[in-house]
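In what follows, a single structure is set out as structure tokens and then discussed.
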2 protein chains.
Amino acid sequence: MERRPTLHDVAREAGVSAKTVSRVLNGDGPVAAATRERVQAVVRRLGFRPNLLARSIRTGGPDSTVGLVVPDLDNPFFGALAGGVEEAARARGLTVLLGCSGGDPARETEVVSAFLARRTAVLLVVPATGGEATAQARAAGVPLVFVDRPGPDADCVVSSNRAGAREGVAHLLGLGHRRVAFLDDLPPELYTRRERLAGYLEAFAAAGVTPADALVAEARTAADAELAVLRLLALPDPPTALFASHLNAATGAVLALGRAGRREVALLAFDDLPLAEVLDPPLSAVAQAPAELGAAALRLALARLDGDDSPPRTETVPTRLVLRGRPATARP
Amino acid sequence: MERRPTLHDVAREAGVSAKTVSRVLNGDGPVAAATRERVQAVVRRLGFRPNLLARSIRTGGPDSTVGLVVPDLDNPFFGALAGGVEEAARARGLTVLLGCSGGDPARETEVVSAFLARRTAVLLVVPATGGEATAQARAAGVPLVFVDRPGPDADCVVSSNRAGAREGVAHLLGLGHRRVAFLDDLPPELYTRRERLAGYLEAFAAAGVTPADALVAEARTAADAELAVLRLLALPDPPTALFASHLNAATGAVLALGRAGRREVALLAFDDLPLAEVLDPPLSAVAQAPAELGAAALRLALARLDGDDSPPRTETVPTRLVLRGRPATARP
DNA sequence: ATGAAAGCGCTAACAT
DNA sequence: ATGTTAGCGCTTTCAT
């Protein structure tokens, strides 16, 4: 439990001034080769590591950290997103500060505050509705990028929710399905859900087909979805395919189809998961790229830090249609 | 993009000295009620937030951050673990620094180094085999707790891998199963896997049953597991139950049983997952509590920071047996 | 109850 | 090529 050696300790041992040691460490000013070697030897011998906090204070600039706020890490999607940010950050010598908002704007504000007090270089936020990250970041002069969902007046990086849903549903329509049900919270509160619903409707419009209202069903939890699907299957004109806008809905749909023995009904979900190939009925998916979402957000934020002051822009990370099982054509 | 206000700005505006502002902020020395109010008003008006890095420098103590190193955040288990740490940290006014090692000891060392350079108060590490976190933390005088797997000469918090596996397998034996197969990487390199194998064997020993060697099968990937299960099912005396030591193995087992139409074979996996109830055949599980693992690790580390210097200890977080599907008794 | 001065560990600015 | 001085934003002495 010794006191950690400081730059002055190294300077004294090496018989040079503090500034010379600093020069060696940061490779700025000119240093004689012999001096450099001597200093480096002492650094190694003492196990000296410069105090990054002290450096940050002195240079006045932002600290070499990236602040990341996600709603919650139990959700593997946000875990993967955080992983993408971490990897991209580490590759650039940056360290990630991680906070969870729980989707609560007050908690988000608190976490952002704590990050700003640590002088993070940039801020990446999956926004809670009603948060004030934009104002906070602006007041502190810190670049802010919203991830997964847009927020007011700042850059953002999102998945191609609308196009992904459209392509997925278009694929089903292309297989001959006409009655394709949509499962989600209704009305969708989250941006991502609204976009997916829009994509679903666009696919119908593009195919010149009008979806019966009855085929858009409320499903917040897996239990909701299970009931909703049973109800849909009992219709005189039941759907031949289901589009689940989120994984809870997909879970319920798999359960309902399995229990009802209706494995011929095609099932497509937004968001992929490792076990999709093992499910019965098989689950096709519009897969997102959460890690890429995080990495792209960091890139954008660092560009801002670098002085890019063009108007806020939205970057879209493409989704990928993953088809599983035999092509489930419609049976008229 | 204004310069952020400093403590001195507040002092000037309030017509007091810097130290008085400091006293108001930290509530230490005595301050007249009127002065306090005036200072607080200015703080609010200017939107002043003390620079935590500067404070850390001056007090010399550890910074109010917790360093967490996990192998990888694509794995929902480590995501949930990180979530547990974050929540426990935030509840105590601490901020989490997050790093990924990718299971590579060199990367782990690098990340730990970066954390120590930031003067984290404590270090929580899911160790890569061959890492040197213990030496690094000791040299820096920072409390270290290993999570999920033990490491040399430091506290650690792990799941009840052995007891969990033992109970799970004992349950199967209690249902009358005698030929229970074990699926895992062999020989198990990871601590967790070794413990689970030991638990499996202990359950047999306790029941006075000797598992045939053939029933311990190699399965690293889901594809391995699928093949292994098919091979096992083709034996003259096939297993009536399977114990998958990790989720890849479970995935392959579900696939194999489903495709072979052998849904009567009982399946139990270590580690639970949200979709287990939807699988066919149903998947029972020994569920871990990753968030609790993280929270417990932080508690232990903070106790050390608080001066607890008893010998290193290991804390075990219990697993929970989650049974699904109809009780799959053995059919002799 | 308040303030002035010194200093945490480091680097920017100006020496030499 | 190296050293000296000053000072980042804050807190710790030690005054008053």
Side-chain angles (χ1 to χ4, degrees), chain A residues 2-40 42-43 46-65 114 116-121 140-141, chain B residues 2-40 42-43 46-65 114 116-121 140-141:
Chain A
E2 307 266 334
R3 191 180 60 80
R4 299 199 64 170
T6 75
L7 183 138
H8 283 94
D9 297 331
V10 175
R12 188 171 349 93
E13 289 283 314
V16 296
S17 82
K19 179 64 211 178
T20 299
V21 178
S22 173
R23 277 196 267 256
V24 171
L25 291 167
N26 300 296
D28 44 71
V31 184
T35 316
R36 159 173 295 113
E37 301 257 320
R38 193 150 36 91
V39 169
Q40 284 170 336
V42 177
V43 164
L46 263 46
F48 168 77
R49 306 248 42 197
N51 183 329
L52 257 40
L53 305 185
R55 174 179 295 173
S56 218
I57 278 290
R58 178 61 248 223
T59 55
D63 188 32
S64 61
T65 52
L116 292 174
R118 312 206 80 84
R119 302 302 191 267
T120 57
Chain B
E2 307 266 332
R3 193 180 58 81
R4 298 198 64 170
T6 74
L7 184 140
H8 283 92
D9 298 331
V10 175
R12 188 168 354 92
E13 289 282 315
V16 297
S17 82
K19 179 61 213 177
T20 300
V21 178
S22 174
R23 276 195 268 256
V24 170
L25 291 168
N26 300 297
D28 44 70
V31 184
T35 316
R36 160 173 294 113
E37 300 257 321
R38 193 150 37 89
V39 169
Q40 283 170 336
V42 176
V43 164
L46 263 45
F48 168 76
R49 308 248 39 199
N51 184 329
L52 257 40
L53 305 185
R55 174 178 295 172
S56 219
I57 279 291
R58 177 62 247 224
T59 55
D63 188 33
S64 60
T65 52
L116 292 174
R118 312 206 80 84
R119 302 300 190 267
T120 57

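Chain naming here is simple, since letters A, B, ... match the order of the sequence lines and numbering starts at 1 in each. These numbers come from the heavy atoms of this one structure, side chains and all, not from hydrogens, waters or symmetry mates.
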- Query: Whole-Å distance between D/dA1 P and A/Glu37 CD?
  - Reply: 15 Å
- Does the D/dG9 base have a donor-acceptor partner in the side chain of B/Arg58 within less than 3.5 Å? no
- Between B/Leu25 and B/Leu7, which heavy-atom pair has the shortest distance, and what is it? CD1-CD1, 4.1 Å
- Message: Counting distance alone, no hydrogens or angles: does the base of C/dG3 have a donor or acceptor under 3.5 Å from a partner atom on the side chain of B/Arg23?
- Response: yes
- Message: Counting C-beta onward and ignoring hydrogens, is there a side-chain heavy-atom pair between B/Asp9 and B/Arg12 closer than 4.5 Å?
- Response: yes
- Message: Whole angstroms only, please: what is the CZ-P distance between B/Arg118 and C/dC8?
- Response: 21 Å
- Query: Step by step, would you call B/Val16 with B/Val21 a side-chain contact (heavy atoms from CB on, under 4.5 Å)?
  - Reply: CA-CA 7 Å; B/Val16 297; B/Val21 178; 3.8 Å; yes
- Query: Hey, what do you get for CD1 (B/Ile57) to OG (A/Ser56), rounding to the nearest 0.5 Å?
  - Reply: 9.0 Å
- Query: Can you tell me how far P of C/dG7 sits from CG of A/Leu7, to the nearest Å?
  - Reply: 18 Å
- Task: Would you jot down, in residue-number order, the residues of residues 46-57 of chain B having a non-hydrogen atom under 4.0 Å from DNA chain D?
- Result: B/Phe48, B/Pro50, B/Asn51, B/Ala54, B/Arg55, B/Ile57
- Query: Is there side-chain contact between B/Glu13 and B/Leu46, with heavy atoms separated by less than 4.5 Å?
  - Reply: yes
- Listed in order of residue number, which residues of residues 9-22 of chain A have a non-hydrogen atom at under 4.0 Å from DNA chain C? A/Lys19, A/Ser22
- Item | Interatomic distance, A/Gln40 atom CD to A/Thr35 atom OG1 [nearest 0.5 angstrom] | 10.5 Å
- Protein-nucleotide distance (A/Asp28, atom CG; D/dA1, atom C1'), rounded to Å: 13 Å
- Query: Counting only side-chain N and O atoms of B/Thr35, is one of them less than 4.0 Å from OP1 or OP2 of C/dT2?
  - Reply: yes
- Query: How is A/Asn26 classified with respect to the nucleic acid when contacts are heavy atoms under 4.0 Å: base, sugar-phosphate, or nothing?
  - Reply: sugar-phosphate
- Task: Grab the CG-C1' distance between A/Asp63 and D/dC8 for me, whole Å please.
- Result: 14 Å
- Check whether any side-chain N or O of A/Thr59 sits under 3.5 Å from a backbone N or O of A/Arg55 as a donor-acceptor pair, and report yes or no. yes
- Flag, side chain of A/Arg38 to backbone of A/Ala14, donor-acceptor distance under 3.5 Å: yes
- Query: In whole angstroms, how far is the P atom of D/dG3 from the NE2 atom of A/His8?
  - Reply: 12 Å
- Query: Taking it one step at a time, do B/Ser64 and A/Arg118 satisfy side chain to side chain donor-acceptor pair (under 3.5 Å)?
  - Reply: CA-CA 10 Å; B/Ser64 60; A/Arg118 312 206 80 84; 3.1 Å; yes
